[in-house]
Amino acid sequence: MSIDNSSEAGHKPWAGRFTEPTDAFVEAFTSSVGFDKRLYRHDIAGSIAHARMLAHIGVLSGDECELIINGLKDIQLDIERDEFNWSVSLEDVHMNIEARLTDRIGVAGKKLHTGRSRNDQVATDIRLYLRDEIDLIAAEIKRLQAGLLDLAEREADTILPGFTHLQVAQPVVFGHHMMAWYEMLKRDHERLMDCRKRVNLMPLGAAALAGTSYPIDREFSAKLLGFDGVCENSLDAVSDRDFAIEFCAFASTLLMHLSRFSEELVIWASAQFDFVELPDRFCTGSSIMPQKKNPDVPELVRGKTGRVFGSLMSLLTLMKGQPLAYNKDNQEDKEPLFDSIDTVRGSLRVFADMVPAIEVKHEKMERAALSGFSTATDLADYLVRNGVAFRDAHEVVGKAVRLGVETGRDLAEMSFEELSQFSPAIKKDVFEVLTLQGSVAARDHIGGTAPAQVRAAVQRARDSC
Ligand code: ARG
């Protein structure tokens with residue numbers, strides 16, 4: 001879309017009380033059209049609803065209303081065909097569209113802004129825009145979750161070491177690990193839906209700050225625009241951007257989760273772990289090292305997380321010093337919000353595409369689980385079942401582990417004679433609890449890593465969709 005920078009390009013609707021033209025740099029500095037033109041569809045939808053409402057209360061004639069609506073629809077087509085000349089001197093998306101409307105349809109266009117201000121107009125536009133984006137993002141979270149459920153089901157028996165402190169802790173199944181990410185995304189989705197409730201309220205009718213002297217019917221326009229209700233205080237309606245802050249808080253939490261997931265994928269794809277292979281189409285190479293295949297996608301998602309956190313900080317800082325009601329500061333709400341939306345959408349899309357294509361290296365995972373004494377807790381639990389107090393059992397197993405470290409073997413690789421020297425409670429059946437399969441199968445309660453539990457968790461998740 002082209003932008004006209006010349007001052008002659010547009011007569012400012014507010015120029016009446018001014019005695020000299022705006023300084024050229026100030027014009028560019030204060031203009032937002034370069035980034036708020038992406039609100040055009042929602043600006044036009046808001047204007048159409050406002051025009052219908054004005055006709056409904058008799059402020060516009062039916063003919064004027066039709067002219068306005070048709071004019072706005074034509075403008076939308078022009079914009080979509082890239083035939084709209086955006087003008088910086090007309091400051092923002094709202095004045096650009098309104099000025100073009102008047103150029104096209106004459107005096108009726110000048111009546112559209114009756115009972116309205118750009119302050120309630122912009123707040124309405126952002127909420128409409130954000131609502132649409134929230135719905136797209138929610139669908140993308142669901143797509144990623146569906147991929148995780150399939151992967152979890154497929155890999156419900158695949159054993160890998162579970163870690164704490166990035167040290168081998170206890171065996172878990174890969175499906176259980178994937179379901180952990182599923183759960184985090186479930187909460188992210190809930191947060192997003194909760195945020196949507198507060199986004200989907202209509203500021204229109206607040207006018208500049210105090211409301212308007214026309215007998216407006218706000219419920220009428222709210223219904224046309226699909227809002228759940230109206231903002232109940234005009235000063236609040238035009239000034240607060242807490243709904244955008246909430247969205248960025250949601251986005252930050254989601255990206256924090258995706259960043260952790262990314263970190264695991266990067267570690268797992270390394271030659272040292274070698275737990276997964278990411279398909280070539282999600283990786284890139286090195287211009288100097290021919291052997292390299294780099295996990296760029298998760299690395300970039302991890303990297304992009306910072307800009308979303310930054311946007312949250314920008315918006316919080318933007319609001320914190322503002323007296324009621326609208327201040328021009330609020331024009332700075334858009335770029336952080338838009339950037340967060342774009343980053344969230346891009347990151348979710350690439351993850352939803354990539355996750356089902358992750359190649360799981362079963363043998364590598366199992367081999368890793370067989371080293372690092374991952375069944376040590378199982379041995380301690382076994383001793384407890386045979387009458388040893390847990391603290392004493394812990395001590396016994398610690399000694400067995402020390403022998404393993406000194407001789408370079410895991411517990412299951414020791415002989416019965418070696419193991420039983422640490423406690424008379426160790427019997428010949430000890431080896432049953434030292435297998436990886438026995439270890440995971442034993443954790444057979446809701447939230448545990450037993451394959452049966454993972455399958456049940458996948459089923460519950462599918463049933464609740
Ligand atoms: N471009 C402005 C914004 O983004 C629109 C509202 C401006 N209102 C005003 N009175 N200057 O916030």
Side-chain angles (χ1 to χ4, degrees), residues 144 148-149 151-188 253 255-278 295 297-299 301-302 305 351 354-355 358-382 390 393-394 397-398 400-402 404-405 408-413 433-451 453-454 457-458:
L144 172 53
L148 285 167
L149 289 181
L151 190 55
E153 190 171 47
R154 210 160 64 226
E155 307 292 347
D157 294 298
T158 307
I159 295 178
L160 78 162
F163 296 89
T164 61
H165 313 268
L166 203 57
Q167 307 287 318
V168 170
Q170 292 171 354
V172 293
V173 295
F174 192 76
H176 193 54
H177 202 114
M178 290 302 106
M179 288 304 285
W181 296 117
Y182 176 90
E183 287 291 316
M184 291 178 229
L185 289 168
K186 185 168 90 184
R187 293 193 295 278
D188 288 330
T253 311
L255 261 291
M256 175 273 291
H257 287 148
L258 292 185
S259 181
R260 296 186 67 190
F261 196 172
S262 297
E263 172 70 4
E264 292 205 323
L265 292 175
V266 170
I267 293 175
W268 288 349
S270 70
Q272 287 65 34
F273 270 76
D274 203 20
F275 283 2
V276 296
E277 176 94 22
L278 299 177
V297 164
E299 287 176 273
V301 170
R302 190 179 58 191
T305 302
F351 254 72
M354 182 180 67
V355 160
I358 294 173
E359 190 191 317
V360 177
K361 299 192 164 178
H362 303 98
E363 279 149 42
K364 294 284 174 51
M365 286 186 181
E366 179 153 354
R367 202 174 312 147
L370 284 169
S371 58
F373 308 99
S374 67
T375 53
T377 316
D378 296 273
L379 179 56
D381 290 344
Y382 167 91
F390 182 75
H394 190 289
V397 180
V401 166
R402 201 197 307 161
V405 171
R409 286 171 308 157
D410 210 76
L411 296 174
E413 291 165 332
V433 303
L434 296 182
T435 67
L436 299 178
Q437 286 72 14
S439 171
V440 292
R443 283 151 176 82
D444 193 15
H445 53 77
I446 195 157
T449 192
Q453 290 295 337
V454 172
V458 169

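- Atom CD of Q453 and atom CE of M179 lie 11.5 Å apart (nearest 0.5 Å).
- Atom NE2 of H257 sits in a crowded spot, with more than 12 heavy atoms from other residues, nucleotides or ligands closer than 6.0 Å.
- Scanning all heavy atoms of the two residues, the minimum distance from T449 to P171 falls at CG2-O, 4.0 Å.
- S270 places no side-chain N or O within 3.5 Å of a backbone atom of V266 that could act as its donor or acceptor partner.
- Counting non-hydrogen atoms of other residues, nucleotides and ligands closer than 6.0 Å to CZ of R402 gives a total of 12 or fewer.
- In terms of the salt bridge (charged side-chain N to carboxylate O under 4.0 Å, His left out) criterion, E299 has no residue partners (sequence neighbours excluded).
- Two residues are said to be in side-chain contact when any heavy atoms from C-beta on lie closer than 4.5 Å; L258 and L144 meet this criterion.
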For V172 and L160: C-alpha separation, side-chain torsions, deciding distance, then whether side-chain contact (heavy atoms from CB on, under 4.5 Å) applies. CA-CA 6 Å; V172 293; L160 78 162; 3.6 Å; yes
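- Applying the salt bridge (charged side-chain N to carboxylate O under 4.0 Å, His left out) criterion to R367, with sequence neighbours excluded, gives no partner residue.
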Salt bridge (Lys or Arg N to Asp or Glu O under 4.0 Å) assessment of E183 paired with K186: CA-CA 5 Å; E183 287 291 316; K186 185 168 90 184; 3.4 Å; yes
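- To the nearest 0.5 angstrom, T435 atom OG1 is 9.5 Å from L370 atom CG.
- Counting only heavy atoms from C-beta outward, the side chains of L278 and P298 approach each other to under 4.5 Å.
- Within the model, atoms NE2 of H177 and CD of E155 stand 13.0 Å from one another, a figure rounded to the nearest 0.5 Å.
- L265 has its side chain within reach of I358: a pair of non-hydrogen atoms, C-beta onward, lies under 4.5 Å apart.
- Contact detail for P451 and V173: the closest heavy-atom pair is CG-CG1, 4.1 Å.
- Between M365 and V276 there is a side-chain heavy-atom pair separated by less than 4.5 Å.
- Around CZ of R260, the count of heavy atoms belonging to other residues, nucleotides or ligands within 6.0 Å does not exceed 12.
- Using a 4.5 Å heavy-atom cutoff, the side chains of I159 and V440 are in contact.
- Looking only at side-chain heavy atoms (C-beta outward), F373 and L411 come within less than 4.5 Å of each other.
- Between F174 and L151, some side-chain heavy-atom pair lies under the 4.5 Å cut-off.
- Side-chain atoms of R443 come within 3.5 Å of backbone atoms of S439 as a donor-acceptor pair (strictly under, hydrogens ignored).
- Put simply, the side chain of S374 gets close to the backbone of A369: a donor and an acceptor are under 3.5 Å apart.
- Nearest heavy atom pair, residue A156 against residue V454, reads CB-CG1, 4.2 Å.
- Separating the NZ atom in K364 from the CH2 atom in W268 is a distance of 15.5 Å, to the nearest 0.5 Å.
- Judged by distance alone, the side chain of T158 and the main-chain N or O of H362 form no donor-acceptor pair under 3.5 Å.
- In this structure, T305 and V301 approach most closely via the heavy-atom pair OG1-O, 2.9 Å.
- In this structure, E413 contributes its side chain and D410 its backbone to a donor-acceptor pair below 3.5 Å.
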Output, in order, the C-alpha distance, side-chain angles, deciding distance and verdict of side-chain contact (heavy atoms from CB on, under 4.5 Å) for F390 and D381. CA-CA 7 Å; F390 182 75; D381 290 344; 4.0 Å; yes
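- Of all heavy-atom pairs between A393 and A380, the closest is CB-O, 3.6 Å.
- The only option from T377, T375, T164 that meets the side-chain hydrogen bond (donor to acceptor under 3.5 Å, both in side chains) definition with Q170 turns out to be T377.
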Evaluate side-chain contact (heavy atoms from CB on, under 4.5 Å) for D274 paired with K361, printing each intermediate quantity in order. CA-CA 7 Å; D274 203 20; K361 299 192 164 178; 2.8 Å; yes
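- Taking 4.5 Å as the limit, some side-chain heavy atom of P161 sits within range of a side-chain heavy atom of F275.
- Here the shortest heavy-atom pairing between M178 and L148 reads SD-CD2, 3.8 Å.
- Under the 30°/60° scheme for interplanar angles, the aromatic rings of F261 and W181 are found to lie parallel.
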